[in-house]
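The structure under discussion appears below in the form of structure tokens.
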Amino acid sequence: MRPAATADWAFLLWGDDAAGPVPRTPLSVQLAAATHTARALRTLSRHGWGVAQCALRDLRVPPGAHHDLPSATAIRLARRELPRCQRVVRLLDPDALCLSRSFALAVHLSALGLPAETVIARQRSSIGARFAFHSWTELHGEVLNDVPAVQSGHTVLQRVGCAALVRPLPCCR
């Protein structure tokens, strides 16, 4: 007997966490995400991080985007979208560093309705007198475009996401 349709390649990658299919993203939403990504990369290269982060915070999510997906499904969808986003980055900025790649992925996923964040961090220890800075993208606390262990070796300085999607952390009093 043949296994159920959900036992495809996703099962090999995520095991039992691959419950249920990942929803399809309409072509119009994919194109909107690619357009937002290209504009965001241009903004980052021309105007710097200050203006670019405001563009991510103020991003308007198009109709038809994915909202309120369970975390596991959203993460699987984000991993499926990663190569699409990276194609746009490679076309526009072949030598992109971690900030450009992470920012582009956060914009791309936010345009799809996923609450992704660009994380900027400082290395916790250094050999010389200088500290290294690094950036990656997270969705529901899961690192998407780097190794998961990157979180343990860095101190987070800033998290930036689409204000319409990312819920703010409660204030400590």
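These figures come from a predicted structure and were not determined experimentally.
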Which atom pair, heavy atoms only, marks the closest approach of [X] to [Y]?
| X | Y | value |
| --- | --- | --- |
| V160 | W49 | CG2-CZ2, 3.7 Å |
| L41 | S100 | CD2-O, 3.7 Å |
| H154 | A121 | CB-CB, 3.5 Å |
| V61 | A111 | CG1-O, 4.2 Å |
| A116 | T137 | CB-CG2, 4.1 Å |
| S135 | T118 | OG-CG2, 3.5 Å |

Self-check item: Hydrophobic cluster partners of V119 (side-chain heavy atoms under 4.5 Å)
Solution: W136, V143, V147, V150, V156
Exercise. Could you pull out all residues at least two apart from S152 that satisfy side-chain hydrogen bond (donor to acceptor under 3.5 Å, both in side chains)?
Key: none
Practice problem: Return the set of residues passing side-chain hydrogen bond (donor to acceptor under 3.5 Å, both in side chains) with Q151 (not counting sequence neighbours), or none when no residue passes. | Solution: E138
Exercise. Kindly state each residue pair satisfying side-chain hydrogen bond (donor to acceptor under 3.5 Å, both in side chains) with at least one member in residues 141-150, sequence neighbours excluded.
Key: R79-E142, S102-N145, H134-D146
Quiz item: Which residue pairs pass the side-chain hydrogen bond (donor to acceptor under 3.5 Å, both in side chains) test when at least one of the two sits in residues 26-38, sequence neighbours left out?
Solution: T37-H108
Quiz prompt | Polar side-chain atom of R101 near backbone of V89 as donor-acceptor pair, under 3.5 Å | solution = no
Exercise. Report the C-alpha separation of L82 and L144 in whole Å, then their side-chain angles, then the decisive distance to 0.1 Å, and conclude whether the side chain to side chain contact (heavy atoms under 4.5 Å, CB included) test is met.
Key: CA-CA 8 Å; L82 181 62; L144 297 174; 5.7 Å; no
Quiz item: Does the side chain of V88 reach to within under 4.5 Å of the side chain of L91, using non-hydrogen atoms?
Solution: no
When rounded to the nearest 0.5 angstrom, what is the spacing between [atom1] in [X] and [atom2] in [Y]?
| X | Y | atom1 | atom2 | answer |
| --- | --- | --- | --- | --- |
| Q53 | H47 | CD | NE2 | 14.5 Å |
| E81 | L139 | CD | CG | 12.0 Å |
| T43 | F103 | OG1 | CZ | 6.5 Å |
| I75 | L69 | CD1 | CG | 11.0 Å |

Find out if a path of hydrophobic residues (ILVMFWY) with successive side-chain heavy-atom gaps under 4.5 Å connects [X] to [Y].
| X | Y | value |
| --- | --- | --- |
| V29 | L77 | yes |
| L44 | L105 | no |
| L59 | L114 | no |

Self-check item: Set of side-chain contact (heavy atoms from CB on, under 4.5 Å) partners for R90, sequence neighbours left out
Solution: none
